[in-house]
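Accompanying notes for the structure given below.
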Amino acid sequence: MEVAGSGLVGPVLAWYDAHARDLPWRRASASAWSVLVSEFMLQQTPVSRVLPVHEAWLARWPTPADLAAEPAGEAVRAWGRLGYPRRALRLHGAATAIRDRHGGAVPAEYDDLRALPGVGDYTAAAVAAFAHGRRHAVLDTNVRRVLARAVSGVEFPPRSVTRAERDVAEALLPADPPTAATWSVAVMELGALVCTADRPRCGSCPVGPACAWNTAGRPAYDGPPRPVQTYAGTDRQCRGRLLAVLRDAAGAVPESRLATAWDDEVQRRRCLESLLADGLAVRTGAGIALP
DNA sequence: CATGCGTGGGC
DNA sequence: TGCCCAAGCAT
């Protein structure tokens, strides 16, 4: 019952055993909560920036109930400059749901995890596998890129996850649940350290000749161009500036003070309203504050 | 299903 | 120097 690329698993597991980074949320002593927090923080944010915030977060809130006991604004403040602060709000919401619906314990079932705010397919599978040893295919951007290259022979995966990708991931997933979980983290690590988006280190890749893309001579990507993400001058940047003022203030700030953070008044007002609508800020008698 | 949502580092 | 990204999610 061979599938294309089935020769990947052994070499990747051996490589991971020798090259895995020692990350706090991967240690045997790490709680499921530590894993969940790391997965929220790692959504679109590099490991190096997550490390210090994750450490401080777990020290302050060792359990979901500890976080749920505080106002959501404290989560937004502690999130600091990790970016996409709605994740902080959702993590607080997840902690509250875990306390109220799961007796304070991070659930192990995919469906229960998936129902938490801020938890999509990837995070639910990752927490089920990495925190609880469940057998789930974990399809993140790293895994998708590795499989696109090694199995499909193309440089980059499709824009969104396809049925074909899921079938490949399922076919490769080892039958033994703990081994499946290790395989998943191992192939992610390979994508993060070796099979990178740009300048992949094929010379030191354990997959070697089993990689269809490398064997084919690493043909250039010929799919649709990926959209470039602009930032300067966007509402995202404006919202970030406004929220930074709120984070750095002890309490509410007068709305006039937000003007110092962004010149364009029309855009500034629009962004403030969107922050209020998102629940990242609230109006009080004294001005604008974190929730 | 395409789009909006932060931030800082590497080349 | 700009440009491109880095363990996604919700709508």
Side-chain angles (χ1 to χ4, degrees), chain A residues 16 20-21 23-26 34-54 76 79-91 93-94 113-131 136-147 155-163 169 181 184-193 195-200 221 224-247 261-262 267 270-271 273-275 277-281:
Chain A
Y16 182 74
R21 289 170 293 182
L23 302 175
W25 46 88
R26 285 184 185 162
S34 174
V35 174
L36 181 67
V37 171
S38 78
E39 293 301 343
F40 268 79
M41 292 181 172
L42 288 164
Q43 291 167 3
Q44 303 284 279
T45 303
V47 167
S48 60
R49 291 176 49 209
V50 164
L51 282 168
V53 183
H54 179 271
V76 174
W79 196 256
R81 306 188 68 79
L82 284 184
Y84 293 146
R86 292 190 292 194
R87 291 182 294 167
L89 227 42
R90 291 170 183 153
L91 180 52
L113 289 160
R114 186 67 181 75
L116 298 172
V119 177
D121 170 70
Y122 162 75
T123 301
V127 173
F130 305 151
H136 285 281
V138 178
L139 271 180
D140 81 321
T141 187
N142 287 308
V143 175
R144 297 182 61 219
R145 187 175 56 249
V146 171
L147 298 185
E155 187 174 15
F156 295 114
R159 305 284 272 275
S160 53
V161 178
T162 63
R163 178 54 193 263
S184 294
V185 71
V187 68
M188 282 176 63
E189 188 81 333
L190 187 72
L193 298 183
C195 193
T196 49
D198 59 280
R199 305 157 71 87
Y221 175 73
R226 298 169 295 159
V228 290
Q229 180 168 254
T230 59
Y231 184 59
T234 62
D235 284 5
R236 283 223 300 296
Q237 184 182 32
C238 179
R239 284 165 53 103
R241 292 274 180 82
L242 299 182
L243 200 61
V245 172
L246 301 183
R247 269 200 317 265
W262 197 262
Q267 188 176 25
R270 178 173 71 240
C271 288
E273 290 308 314
S274 76
L275 289 172
D278 286 349
L280 283 166

Whole angstrom is fine here: how far is it from CZ in R90(A) over to C1' in dG4(B)?
-> 11 Å
Hey, does A126(A) reach any base, or is it just sugar-phosphate, or nothing, if we go heavy atoms under 4.0 Å?
-> nothing
Listed nucleotide nearest any side-chain atom of R114(A), set dA10(C), dG6(B), dG8(C) = dA10(C)
Of R199(A) and Q44(A), whose closest DNA chain B nucleotide lies nearer the 5' terminus?
-> Q44(A)
Interatomic distance, CG@L51(A) vs CZ@R21(A), rounded to 0.5 Å, equals 8.5 Å
Roughly, in whole Å, what's the span from CG in L89(A) to C1' in dC9(C)?
-> 13 Å
What is the distance from CD of Q237(A) to P of dC5(B), rounded to the nearest Å?
-> 12 Å
Tell me what R21(A) touches on the nucleic acid: a base, only sugar-phosphate, or nothing, going by heavy atoms under 4.0 Å.
-> base
Between D198(A) and S274(A), the residue closer to the 5' end of DNA chain B by nearest nucleotide is S274(A)
NA contact type, D278(A), heavy-atom cut-off 4.0 Å: base, sugar-phosphate, or nothing?
-> nothing
When we call it a touch if two heavy atoms are under 4.0 Å apart, what does F40(A) touch: a base, just sugar-phosphate, or nothing?
-> nothing
Which part of the nucleic acid does R159(A) contact within heavy-atom distance under 4.0 Å: base, sugar-phosphate only, or nothing?
-> nothing
Answer with base, sugar-phosphate or nothing: what part of the nucleic acid does V185(A) contact at a heavy-atom distance below 4.0 Å?
-> nothing
Describe the nucleic acid contact of L243(A) in one word from base, sugar-phosphate, nothing, applying a heavy-atom distance below 4.0 Å.
-> nothing
Between atom CZ in R81(A) and atom C1' in dA6(C), what is the gap in whole Å?
-> 17 Å
Between dC4(C) atom P and Q229(A) atom CD, what is the distance in whole Å?
-> 11 Å
Given dT7(B), is OP1 or OP2 found less than 4.0 Å from the side-chain N or O atoms of Y231(A)?
-> yes
Answer with base, sugar-phosphate or nothing: what part of the nucleic acid does R144(A) contact at a heavy-atom distance below 4.0 Å?
-> nothing
Just checking W25(A): base, sugar-phosphate only, or nothing, at a heavy-atom cut-off of under 4.0 Å?
-> base
Tell me, with the steps shown, if S34(A) and H54(A) meet side-chain hydrogen bond (donor to acceptor under 3.5 Å, both in side chains).
-> CA-CA 8 Å; S34(A) 174; H54(A) 179 271; 3.3 Å; yes
Tell whether T45(A) reaches the base of dG8(B) with its side chain through a donor-acceptor pair below 3.5 angstrom.
-> no
Donor/acceptor link under 3.5 angstrom from R236(A) side chain onto base of dT7(B) = no
Lys/Arg-Asp/Glu bridge criterion (N-O < 4.0 Å) met for R26(A), E189(A) | yes
Rounded to the nearest Å, what distance is computed from the CZ atom of residue R86(A) to the P atom of nucleotide dG4(B)?
-> 12 Å
Given side-chain contact (heavy atoms from CB on, under 4.5 Å), test R90(A) with V119(A) step by step and report yes or no.
-> CA-CA 8 Å; R90(A) 291 170 183 153; V119(A) 177; over 6 Å; no
Hey, does L23(A) reach any base, or is it just sugar-phosphate, or nothing, if we go heavy atoms under 4.0 Å?
-> base
Are OP1 or OP2 of dG4(B) and a side-chain N or O of T234(A) less than 4.0 angstrom apart?
-> no
5' precedence on DNA chain C between V47(A) and L116(A) (nearest-nucleotide basis) | V47(A)
On a whole-Å scale, what distance lies between the C1' atoms belonging to dA2(B) and dA7(C)?
-> 22 Å
Consider the side chain of A197(A), meaning its heavy atoms from C-beta on, and name the nucleotide among dG6(B), dG8(C), dA6(C) that approaches it most closely.
-> dA6(C)
Go through the side-chain N and O atoms of R239(A) and Q267(A) and say whether any donor and acceptor fall under 3.5 Å apart.
-> no
Taking OH from Y122(A) and P from dA10(C), how many angstroms apart are they, rounded to a whole number?
-> 14 Å
For dC9(C) and dG8(B), measure between their P atoms and round to the nearest Å.
-> 23 Å
Between P of dA7(C) and CG of L113(A), the distance in whole Å | 21 Å
With a 4.0 Å cut-off, would you call R270(A) and D235(A) a salt bridge?
-> yes
Nearest-neighbour nucleotide for the R49(A) side chain, dC9(C), dA6(C), dA7(C) considered = dA6(C)
Going through the distances and angles, do Y16(A) and V185(A) end up as a side-chain contact (heavy atoms from CB on, under 4.5 Å)?
-> CA-CA 9 Å; Y16(A) 182 74; V185(A) 71; 3.5 Å; yes
